[in-house]
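Notes follow the structure.
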Amino acid sequence: MERYDPIRIEEKWQQKWETEKPYQVEDVPTGTKAKLPKKMIAEMFPYPSGAGLHVGHVRNFTIVDVLTRFYVQQGMNVMRPFGYDTFGLPAENYAIKTGTSPKEATAINIANFRKQAKRLGYAIDWDREINTSSPEYYKWTQWCFLQLYKKGLAYRKESYQWWCPVDQTVLANEQVEDGKCWRCGHEVEKKKMKQWFFKITEYADELLDEIDALDWPEKIKTMQKNWIGKSVGAEIEFDIVNGTKLTVFTTRPDTIKGATFLVVAPEYTGLKYIVTDDTREEVEKYCAEALKKSEVERQENKEKTGVFTGSYAVNPATKEKIPIWVADYVLAGYGTGAIMGVPAMDERDREFAEKMNLPVVEVELVDFGQYGTPKTTYKMRDWLISRQRYWGCPIPIVYDAEGNPHPIPEEQLPVIIPEVEDYQPDSSGRSALAKAKDWLKVEIPVKDAKTGETHMETMTRETDTLDGYACSSWYLWRYASPHDTEAAWDAEAIKYWEPVDIYVGADHAVAHLLYVRFWCKFFADMGFLPFREPIKKLIYHGYINAPDGKKMSKSKGNVIDPLDVINDGYGADTLRTYEMFIGPVELDAAWNPRSVGGVYRFLNRCFNLCFQNEKTAKADDNATVRNKTIKKVTEDIYKCNFNTAVAALMEYVNELYKVVVSREDLVVLAKLLKPFAPHLASEMLEKLEATDEWPEWDEKYLVEDTVELVVQVNGKLRANIAIEASELDDEKSLLEKVLKDEKIQKYVKDGYKKTIFVKKAKLVNIVV
RNA sequence: GCCCGAGUGGCGGAAUUGGUAUACGCGUUCGACUUAAAAUCGAAUGGGAAACCAUAUGGGUUCAAGUCCCAUCUCGGGCACCA
């Protein structure tokens, strides 16, 4: 037997697919295509790094590809697009280091990614490629921003923000992990800055309410629910003895009688009206220190600290005078930034009270209606989108001489990223865009409020760029009409193709997957989208680790390069099939080079069955195993059990090796194999002169004439008896037969208590 | 600390949802082909001489438990002063 040569076969088919474009679809399908059921299947588009594809990408893309080919073979109209998420820090940091412009570096990386993806034989519609850093694309990202701006959902606010001193940019909450920057790992700081936000909180309730209905992994749904963090409670207004007022939020307003003190956060805006002259110095010192503390320090040391403000408030329920404190265990960004301390009820308040010697009184629950108003709050904050970086989508805003923001008129879009010499952000906290002096000034038409006449005014551009997540919040809709010059997406194309049927990824549980839902709801409200949830089904797959089980990383030198696997002679089909066989799709898996060889042997056996086999049988001879395999593989792919689908194919091939195969046996093998190993399967189908139409199983072949009856005594297996399938219908005579069986006789010679017959399991259990 | 998820051969993992535990693959051993090796093909492979014993540990429910219930241990993930 020969070894098959995947490299030759794969080259042949990849060339064919390149010229014939069998996976190309129309924006708005016409003719018979328009009547077909559709599937839109996509992966979370990759950031094309200089290192090229890694095995994780291959797992990600291959899952999408298996599903795409599966549905195509079933005769559906399937869109499987591809794109590149190209804005971001790595390209910019590379530019700072080498002077190569991010634009150039990105172009090189995309070309490499595309070449590698083509080498894996994916059923991509290559005319549907998008790139978030191309002006044709980001023009519409800016348009999206303007829509949000018009509705007041993009706004500017001065507040304390996470600041990474290394990357010199602010970060969203989602981009701070364990108090550290998600990109460089440096500890983040708090910095007071005027920044742009998207008002995602406007949709908090809907984002929460509609999540349960989604066909997404429970894990991701729970993470999003926790992130949104809805709390139902009340706001209660306390009179301060000096005549002002202070409002707290609580989920337990009924415990108000137990409130023996109030606490405000160090960043609390009304603090200056509360502090008395004799405590001012001490309070200011405390607040300054609290702000300086990094998030890591705050997390590591949860010891309660705080100082008395000198002021008192009146508990409206007890009329007691209670002290107002400032402490950093109260968070400024949540609720009102102020709480009532109920030490008898709340563990944190008790800890604080004990430390500060504040009174603890028994709580007597009351109806709070007369003291407060019902209020719901969320842990989720508005989405901070300003980035002080060069390589991002410019925010389409200009400022007049007074510093007031104005939107760029839509006809002036896109705001093109200017070329600069030096990509280093400046120390003032502004991106390198600020260095493009000519670009900064722009003539903007302004309508005079009194005369109604329009005149041109010179304004200054915003130098912040958008968080990359903004670019990926709408790309799934761009796929439907990627070359549209008139709109971000075409309404007709969207109506046919979207929402996305299956979305495949391994990251971004709360960030991207929440943002894309938020934008969907917003654009649905604007009348631009005919649905409110962008993704019907989400497949969240595991990572592939190094053979030792550790994360692959360059520094550890344990990275497996998928292109090496291909070029070692295994080929793309082996790589793809191996990664589907590696384990359950949702679990992490460790790379096993030997197992790759096992999958190669399997494909080699498929090849030999088809090309080295002279003898053929009648199509009916192996009908049972053939139909069983069709059923198993079909159902497994529906359930995304790719590992057991491949195992079923292996079993089928093992069976076929034992018998004389028919042409039909081979056709079915090739058809079922095609989603996993499309090149080899295509080669087989060509020789067999068959189409790739997905086969159906016939139930009549699944019923076997003779079956094995399982006989247990007290639940323990004691015998397997071959019987006619029809014997299962007559329990009485079957039992007689079983009791006469010589293996069973010795167990029942002293009689038995009862028997249990389970027809479905072909099982008899005798209780003695 | 709180909330999920998972513990099955030497290894990755199967198991129709309560019904023959260990499918499939790797590894290992033996055999065939070969001057030889590789490749390929075939056979065996949880432990034990056997009765039996094995799905993290200990109990329970059931004719029957990897699967259900209770407790414990270990690992992974998420959240973490959100009032």
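Quick caveat: nothing in here was measured; it's all calculated off a predicted structure.
Among the nucleotides C26(B), A83(B), C81(B), the one closest to any side-chain atom of R594(A) is C26(B). Minimum atom distance to the side chain of T644(A) is reached by A14(B), of the listed A14(B), A83(B), C41(B). Taking every side-chain heavy atom of R601(A) into account, G27(B) is the closest of U20(B), C81(B), G27(B). Nearest to the side chain of E651(A), among U20(B), A83(B), A23(B), sits A23(B). Closest approach to the D346(A) side chain among U40(B), A83(B), A15(B) is made by A83(B) (side chain taken as heavy atoms from C-beta onward).
At the heavy-atom level, G598(A) lies under 4.0 Å from the strands shown only through sugar-phosphate atoms. No engagement by R350(A) is indicated, since no non-hydrogen atom pair under 4.0 Å with the nucleic acid exists. Residue N654(A) is in sugar-phosphate contact alone, with no base atom involved, counting any heavy-atom pair closer than 4.0 Å across all strands shown.
Within the 4.0 Å cut-off from OP1 or OP2 of U20(B), not a single side-chain nitrogen or oxygen of R718(A) is found. Between R605(A) and U40(B) there is no side-chain polar atom (N or O) within less than 4.0 angstrom of OP1 or OP2. For A83(B), the OP1/OP2 oxygens have a side-chain nitrogen or oxygen of S231(A) closer than 4.0 Å. For Y329(A), no side-chain nitrogen or oxygen approaches OP1 or OP2 of A83(B) to under 4.0 Å.
G19(B) and A65(B) have their P atoms separated by 11 Å, given to the nearest Å. Comparing G66(B) with A6(B), their C1' atoms are spaced 13 Å from each other, to the whole Å. Rounded to whole Å, the P atom of G27(B) lies 13 Å from the corresponding atom of A38(B). A56(B) sits 27 Å from A51(B) when the C1' atoms are compared, rounded to a whole Å. Rounded to a whole angstrom, the distance from the P atom of C26(B) to that of A43(B) is 14 Å. C52(B) and U16(B) are spaced 28 Å apart, taking the P atom of each and rounding to whole Å. Spacing between C73(B) and G58(B) at atom C1', rounded to whole Å, works out to 11 Å. The same atom, P, is picked in U57(B) and in G9(B); the two are 10 Å apart, to the nearest Å.
A syn orientation is assigned to G9(B), its glycosidic angle lying within 90° of 0. Base orientation of U17(B): syn, since the glycosidic angle falls within 90° of 0.
Here the two rings, on Y4(A) and Y600(A), have centers that are under 6.0 Å apart.
The side-chain contact (heavy atoms from CB on, under 4.5 Å) check on E586(A) picks up P584(A), with sequence neighbours excluded. With sequence neighbours excluded, no residue forms a side-chain contact (heavy atoms from CB on, under 4.5 Å) with E362(A). By the salt bridge (charged side-chain N to carboxylate O under 4.0 Å, His left out) test, K379(A) is found to be paired with no residue, residues two or more places apart in sequence or in another chain being considered. Considering only residues two or more places apart in sequence or on other chains, R576(A) meets the salt bridge (charged side-chain N to carboxylate O under 4.0 Å, His left out) condition with D65(A). With sequence neighbours left out, D215(A) forms a salt bridge (charged side-chain N to carboxylate O under 4.0 Å, His left out) with K537(A). With sequence neighbours excluded, the residues satisfying side-chain contact (heavy atoms from CB on, under 4.5 Å) with P562(A) are L53(A), V55(A), V58(A), L575(A). With sequence neighbours excluded, no residue forms a salt bridge (charged side-chain N to carboxylate O under 4.0 Å, His left out) with D568(A). Looking at residues two or more places apart in sequence or on another chain, you find a side-chain contact (heavy atoms from CB on, under 4.5 Å) between N641(A) and D636(A), K639(A), N643(A), T644(A).
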> Given Y578(A) and N592(A), is the side-chain hydrogen bond (donor to acceptor under 3.5 Å, both in side chains) satisfied, shown in steps?
Replying inline: CA-CA 10 Å; Y578(A) 169 66; N592(A) 181 348; 5.7 Å; no
> How would RNA chain B look in dot-bracket form, 5' to 3', counting Watson-Crick and G-U wobble pairs with both distances under 3.5 Å and writing | for bases paired to another strand?
Replying inline: (((((((..(((......[....)))((((((.......))))))((....))..(((((..]....))))))))))))....
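Where K760(A) and K379(A) meet RNA chain B, the nucleotide closest to each residue was compared, and K760(A) sits on the side nearer the 5' end. Between N641(A) and E708(A), the residue whose closest nucleotide on RNA chain B is further toward the 5' end is N641(A).
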Please enumerate all protein N or O atoms sitting under 3.5 Å from an N or O of nucleotides 63-68 of chain B, with distances to 0.1 Å.
| from | atom 1 | to | atom 2 | distance (Å) |
| --- | --- | --- | --- | --- |
| C63(B) | O2' | N765(A) | ND2 | 3.1 |
| C63(B) | O2 | N765(A) | ND2 | 2.6 |

When you compare the protein's N or O atoms with those of nucleotides 3-13 of chain B, which come within less than 3.5 Å of each other, and at what distance?
| from | atom 1 | to | atom 2 | distance (Å) |
| --- | --- | --- | --- | --- |
| G12(B) | O2' | I582(A) | O | 3.4 |

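For the pair M580(A) CE and A14(B) C1', the computed distance is 18 Å after rounding to whole Å.
Relative to the ring axis of Y329(A), K304(A) places its NZ or CZ within 45° and under 6.0 Å from the centre.
When the shell of 6.0 Å around CD of E347(A) is examined, it contains 12 or fewer heavy atoms from other residues, nucleotides or ligands.
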N/O donor to acceptor pairs below 3.5 angstrom from side-chain atoms of residues 246-266 of chain A, sequence neighbours left out:
| from | atom 1 | to | atom 2 | distance (Å) |
| --- | --- | --- | --- | --- |
| T250(A) | OG1 | R252(A) | N | 2.9 |
| R252(A) | NE | D254(A) | OD1 | 3.1 |
| R252(A) | NH2 | D254(A) | OD2 | 3.4 |
| T255(A) | OG1 | R252(A) | O | 2.7 |
| T260(A) | OG1 | P359(A) | O | 2.8 |

